[in-house]
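The chains referred to below are lettered A, B, ... by the order of the sequence lines, with proteins before strands, and numbering in each begins at 1. Hydrogens, waters and symmetry mates are skipped; everything else that's a heavy atom, side chains included, is used.
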There are 2 protein chains.
Amino acid sequence: MNYMRTSMENLTTKLKNSNIRLSHQRLKVLEYLDNNRIHPTVDQIYNGLHDEIPTLSKTTIYNTLNTLIEAGLVKIITIEDNEARYDINTDLHGHFKCKACGNIYDFEIDMDSFKIKGLDGFKVFTRDVYYSGICSKCVEDD
Amino acid sequence: MNYMRTSMENLTTKLKNSNIRLSHQRLKVLEYLDNNRIHPTVDQIYNGLHDEIPTLSKTTIYNTLNTLIEAGLVKIITIEDNEARYDINTDLHGHFKCKACGNIYDFEIDMDSFKIKGLDGFKVFTRDVYYSGICSKCVEDD
DNA sequence: GTTCCTGCAAAAGCTTTGCAGAAGA
DNA sequence: TCTTCTGCAAAGCTTTTGCAGGAAC
């Protein structure tokens, strides 16, 4: 799936438009998500930013992510395991988790064409499609 | 969604066919899942069986569920929150979680008709569709 | 100057593990 | 009899909370 990295100014604008107070930590977390489209865990974000910001705490990462989720800038992915993952790509798309390498891949799927039965009168806010199996890379490595 | 309750003998057979050693606790957990199609949490199973089996421990419930999952008799649902839910209905169907009451509803969806792009060469083992929003009951209560 | 954020420590909640006694086959 | 299960206590993880100092506006 294609995506464009956003410039630092645009990330700043994104936060400002959402009425989120700017801070060094928040910008860095957002920048990390933008530069590392791997649906990272909190741990991965923490380790990825630790060298640059040694004082950064996981609490702040959690706080920041929750703020970004509330603002709609980030989506949380709860696909297996009891460990949340975070996605800056808020377009509707599916997620595939490889049982071998643990990586999560995006894929295209047209959720608007779904024919469903049994949700008459229900208000749907979010839709998620999660697949799991073995990714093409790990299939080859067999 | 319709379903048929299974008789106690059939539950016994189910376990035997999967080469799972019979025990009072395992039968009761399986029976609870069969009689309570609410995609219960471990806590709900524990509370539901506590009166009948006061000595039952959560460890045993976890052990039993993991055994049943391995045998393919039960499916785990990880839809939001850090709390697993368990489903004895292993047919392919979607899950809707109500943000208001917390209940999880089944709905029909034909996953075989999905048109997806980006998973060439991937081996898909599981497919899950998770919706969330407000269920019809909670919409009315507004 | 006021409001809100950061980060430490502690707590909370779900799940797994180690192990001795008990139950299933 | 031999294997496997149960259930207690403890530990392991992820995530949240309380709060004092600090940064943003």
If you look only at pairs with a residue in residues 55-67 of chain B, which of them pass as a salt bridge (Lys or Arg N to Asp or Glu O under 4.0 Å), with sequence neighbours excluded?
-> B:Asp43-B:Lys58
For A:Thr59, which residues count as a side chain to side chain contact (heavy atoms under 4.5 Å, CB included) partner, sequence neighbours excluded?
-> A:Ser57, A:Asn63
Kindly state whether the ring of A:Tyr131 and the ring of B:Phe122 have centres lying under 6.0 angstrom apart.
-> no
Got a sec? Which of residues 62-83 of chain B come in under 4.0 Å of DNA chain C, heavy atoms?
-> B:Tyr62, B:Asn66, B:Asn82, B:Glu83
Closest heavy-atom pair, A:His95 versus A:Asp106, reported as atoms and distance to 0.1 Å, is CD2-OD1, 3.1 Å
Taking all atoms of both residues into account, what is the closest heavy-atom pair of A:Leu33 and A:Ile45, and its distance?
-> CD2-CD1, 4.2 Å
Below 4.5 Å, heavy atoms only, C-beta onward: do A:Lys117 and A:Lys115 meet side chain to side chain?
-> no
Counted 5' to 3', the first and last nucleotides of DNA chain D within 4.0 Å (strictly under) of a heavy-atom of chain A are D:dT14 to D:dC25
Atom pairs, N/O to N/O, protein against nucleotides 9-12 of chain C, distance under 3.5 Å?
none

Please tabulate, one pair per line, each protein N/O and nucleotide N/O from nucleotides 22-25 of chain C that are separated by under 3.5 Å, including the distance.
unit_1, atom_1, unit_2, atom_2, d
C:dG24, O3', B:Leu22, O, 3.1
C:dG24, N3, B:Arg21, NH1, 3.3
C:dA25, OP1, B:Leu22, N, 3.0

Axial bend angle, the helix from C:dG1-D:dC25 to C:dA25-D:dT1: five-pair end segments, nearest 10° | 40°
Provide the closest heavy-atom pair for A:Val29 versus A:Leu65 in the form atom of the first, atom of the second, distance.
-> CG1-CD2, 4.2 Å
Please identify each residue that fulfils side chain to side chain donor-acceptor pair (under 3.5 Å) with B:Asp81, with sequence neighbours left out.
-> B:Lys97
Mind checking what makes side chain to side chain donor-acceptor pair (under 3.5 Å) contact with A:Lys123, not counting sequence neighbours?
-> none
Close residues, residues 48-57 of chain A, relative to DNA chain C [heavy-atom separation under 4.0 Å] = A:Thr55, A:Leu56, A:Ser57
Given DNA chain C, 5'-ward residue of the pair A:Thr60 and B:Arg85, judged by closest heavy atom | A:Thr60
Looking only at heavy atoms, what is the nearest atom pair of B:Phe96 and B:Cys135, with distance?
-> CE2-N, 3.9 Å
Same apolar cluster: B:Ile38 and B:Leu11, side chain cutoff 4.5 Å = yes
Atom CG in B:Asn82, atom OG1 in A:Thr78: separation rounded to 0.5 Å?
-> 8.5 Å
Could I get the full list of side chain to side chain donor-acceptor pair (under 3.5 Å) partners for A:Arg26, not counting sequence neighbours?
-> none
Which value, rounded to the nearest 0.5 Å, describes the distance between A:Asp128 atom CG and A:Leu92 atom CG?
-> 8.5 Å
Sequence neighbours left out, what pairs pass ring pair (Phe, Tyr, Trp, His ring centres under 6.0 Å) with at least one residue falling in residues 49-91 of chain B?
-> B:Tyr46-B:His50
Tell me whether A:Val129 is reachable from B:Met111 by hopping between hydrophobic residues (I, L, V, M, F, W, Y) whose side-chain heavy atoms are closer than 4.5 Å.
-> yes
